[in-house]
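The structure appears right after this line, and notes come after that.
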Amino acid sequence: MTRCYLLFGSNQGDKEALLEQACALINKRCGLLVERSSAYLTEPWGFEADEWFLNELLVVETELEPDALMDTLLGIEAELGRVRYPEVQGYTSRTVDLDILYYGDKVIHTEKVIVPHPRLHLRKFALEPLCEVIPDFLHPVFNLSQTQLLEKL
């Protein structure tokens, strides 16, 4: 079993209901959901939108390998109404976004998965819930704690 740290985000629809549905599906398909951070309401990052995001860190114990975990998360996103527009450059509003922030303390770079998440250290909306749950966990590339990463931001 590997402890994974996933970020849930939504700025469309009934965000709270989508979060609960995502948690139930993750618990059923990915592994045991063992912890959740508080929910954070955050401004869109990297694009303009009227609706702010609901973000929450989800901690999951999984037997899935990273690529299989990502495939499963993408399936959950689609099931909960996420539509990807390949013709659109950059970020857009979405019903559900599930990102793998950390897969244990591993550094992984495959065609489907890059962990730690490559923009994690630039995103307050990811670092705040990480600081709530695992403030002293060291980023395996930067060798800085989540608290230190947030302070540098």
**Q.** 4.5 Å side-chain heavy-atom contact, P116 and V107
**A.** yes
Q: Go through the steps to decide whether Y102 and F137 satisfy the test ring pair (Phe, Tyr, Trp, His ring centres under 6.0 Å), and finish with yes or no.
A: CA-CA 10 Å; Y102 292 112; F137 180 81; 4.9 Å; yes
Can you name the closest pair of heavy atoms from [X] and [Y] and give their distance?
X	Y	answer
I76	A22	CG2-CA, 4.4 Å
V96	F8	CG1-CE1, 4.1 Å
L80	Q21	CD2-OE1, 3.4 Å
N55	G9	ND2-CA, 3.4 Å
P66	V113	O-CG2, 3.5 Å

**Q.** Steps toward side-chain contact (heavy atoms from CB on, under 4.5 Å) verdict (K124, L150)
**A.** CA-CA 7 Å; K124 184 177 180 184; L150 183 58; 4.0 Å; yes
Q) Looking at V60, L58, L32, V34, which one forms a side chain to side chain contact (heavy atoms under 4.5 Å, CB included) with N27? A) L32
Q) Looking at I100, D99, L6, which one forms a side chain to side chain contact (heavy atoms under 4.5 Å, CB included) with H117? A) D99
**Q.** Chi angles and distances behind the side-chain contact (heavy atoms from CB on, under 4.5 Å) call for L130, L57
**A.** CA-CA 7 Å; L130 282 165; L57 182 72; 3.8 Å; yes
**Q.** SB check K15 E56 (cutoff 4.0 Å)
**A.** no
Q) Do K106 and T2 pass the side-chain contact (heavy atoms from CB on, under 4.5 Å) test, and can you show the C-alpha distance, the side-chain angles, and the key distance before you say yes or no? A) CA-CA 10 Å; K106 305 242 184 315; T2 301; 5.6 Å; no
